[in-house]
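Notes follow once the structure below has been shown.
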Amino acid sequence: MPPEAGTPFAELADLTRRLEATTKRLEKRRLIAEFLRRIPRDEVAPAVLIAIGRIFPEADQKALNVGWATLEKALGPTRQARLDARPLTILDVQRAFEGVAAASGSESVRARLRLLQSLLGQASREEKEVLLKSIFGEMRIGVNEGVMLEAIADAAGVSPEAVRTAHMFLGDLGRVAEVALSDGAAGLAAQSLRLLSPVKPMMAELGDDLDEVLKEHGGTTALEFKFDGARIQIHRRGDEVRVFSRRLTDVTESVPEVVEFARTVPAESFLLEGEVVAVDGLGRPRPFQELMRRFRRVHEIEALRREIPLKLYLFDLLYLEGRSLMSAPYRERWAALERLVPREVLAKRLVTSSRERSRRS
DNA sequence: CGCGGCTGCGCC
DNA sequence: GTTCAGG
DNA sequence: CCTGAACGCGCAGCCGCG
């Protein structure tokens with residue numbers, strides 16, 4: 001028997017074609033689950049990511065730095081079909097992407113181009129199409145995190161809930177799939193909050209009116225102002241502080257005042273959630289785009305810090321001194337937060353029951 | 001060597 | 001983040 | 001009822017030109 005060369009990328013391409021061909025959710029799940037079960041374990045993660053149009057996991061700060069213009073050049077004047085008889089494999093593709101992402105500094109544009117040309121040069125027409133869609137993050141095959149998550153559960157014979165929870169902590173569906181298939185429910189259950197690594201945030205849901213919300217929450221609910229800012233999570237362990245955006249990007253360097261604040265919090269380790277807002281000299285809120293000028297900045301942070309100060313509002317505490325509060329009731333987390341930080345950083349807030357909707361708490 | 005342009009990317 | 005269409 | 005898809009703007013970094 002010849003040495004195992006790995007699953008041809010063409011098979012993954014074929015899977016995406018079949019996923020696109022059906023609109024049935026259950027059918028998609030079945031197709032993906034079968035595929036994941038059948039391929040070698042080390043191909044599971046890249047296959048999952050590529051199928052949902054991601055090159056790298058969300059919690060991974062790597063990026064391809066490739067878009068339309070570069071791809072167009074890489075596709076170039078129709079390159080000749082590959083001479084090599086060996087088919088492109090899933091792992092080949094993963095390695096190529098890693099190489100592209102690793103390119104930086106001068107000549108990096110050319111390096112990326114070369115790698116892409118080589119990759120696309122080895123790809124058949126169908127494979128090219130999948131590669132392009134994956135690079136743009138737009139697979140359009142009706143499979144996104146949701147369906148993939150359920151498919152992973154199917155493949156591993158575990159509950160979608162278990163997969164979802166592990167995903168929250170890992171921020172990497174590929175890795176989640178790997179764990180699920182290798183170690184099943186126990187492996188997933190072993191995943192927990194890792195301080196200094198980003199956690200997938202819980203999202204707010206829209207309600208039509210307050211009465212509906214109250215009903216949903218059993219008569220009492222908590223209200224917060226909604227700021228036109230950016231949601232962040234603040235991790236601290238000892239002297240180390242990391243700040244992540246909603247999409248799990250590390251923005252620590254851009255928000256020194258948040259880091260400074262975190263160091264003043266009287267605890268050794270914690271995970272806070274909040275919103276940063278751009279303000280003017282008088283502390284009045286500025287438009288969102290002003291905030292953006294701060295957010296992705298790497299140079300002259302100190303200068304801009306004076307021009308556009310940030311104001312921090314906290315609304316949740318997920319971890320404190322070695323203990324995860326994620327399964328604790330909101331009421332309890334809020335109480336712990338109130339004890340931990342000064343009142344000024346708490347988003348002014350109304351705890352409301354029934355008709356007392358305008359009374360401040 | 002500096003500056004403007006192009007390209008990619010991330011937030012609401 | 002919000003809205004919309006489609007299953 | 002749910003999920004997937006669509007929508008725009010400013011900054012950073014490299015490239016290329018003068």
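Scope of the values below: all heavy atoms of this structure, side chains included, with no hydrogens, waters or symmetry mates. Reminder, nothing fancy here: chain letters follow the sequence lines and each chain counts from 1.
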Task: Proximity to the side chain of A:T70 - top-ranked nucleotide from B:dT7, B:dC11, B:dC12 - done: B:dT7
- [ ] Please check if the side chain of A:K28 supplies one atom and the backbone of A:T22 the other of a donor-acceptor pair under 3.5 Å.
- [x] yes
Open item on the list: Looking at A:E127 and A:L12, would you say the former's side chain and the latter's main chain have a donor-acceptor pair under 3.5 Å?
Closed with: no
- [ ] Select one nucleotide: of C:dG7, B:dC9, C:dT2, the one nearest the side-chain heavy atoms of A:A63.
- [x] B:dC9
TODO: Can you figure out which of B:dG8, D:dG4, C:dT2 approaches the side chain of A:R25 most closely?
DONE: D:dG4
- [ ] Could you check which of B:dT7, B:dC9, C:dG1 has an atom nearest any side-chain atom of A:N65?
- [x] B:dC9
Open item on the list: Heavy atoms from C-beta onward define the side chain here; which of D:dC14, B:dT7, B:dC12 lies closest to that of A:K73?
Closed with: B:dT7
Task: A:E290 (side chain) donor-acceptor with A:V279 (main chain) under 3.5 angstrom - done: no
- [ ] Pick base, sugar-phosphate or nothing for A:L64, based on heavy-atom distances below 4.0 Å to the nucleic acid.
- [x] sugar-phosphate
- [ ] Please state whether the phosphate of B:dG8, meaning OP1 or OP2, lies under 4.0 angstrom from any side-chain nitrogen or oxygen of A:R112.
- [x] no
- [ ] Could you work out which one of D:dG4, B:dC11, B:dG8 sits closest to the side chain of A:A230?
- [x] B:dC11
Open item on the list: From C-beta outward on A:T249, which listed nucleotide comes closest to its side chain: D:dA5, B:dT7, B:dG10?
Closed with: B:dG10
Open item on the list: I need the CZ-P distance between A:R293 and D:dG10, as an integer number of Å.
Closed with: 10 Å
TODO: Please determine, for the side chain of A:R231, which listed nucleotide (D:dC15, B:dC12, B:dG10) has the closest atom?
DONE: B:dC12
TODO: Grab the two heavy atoms, one from A:L36 and one from A:V44, that are nearest each other, plus how far apart they are.
DONE: O-CG2, 3.9 Å
Task: A:V147 side chain, from C-beta outward: closest of D:dA6, B:dC9, D:dT3 - done: D:dT3
Open item on the list: Between A:S104 and D:dG13, is there a contact of a side-chain N or O with OP1 or OP2 at under 4.0 Å?
Closed with: no
Open item on the list: Side-chain N or O of A:R294 versus OP1/OP2 of B:dG10: is the shortest distance under 4.0 Å?
Closed with: no
- [ ] Look at the side chain of A:S108 and decide which nucleotide, out of D:dC14, D:dA5, B:dC12, has an atom nearest to it.
- [x] D:dC14
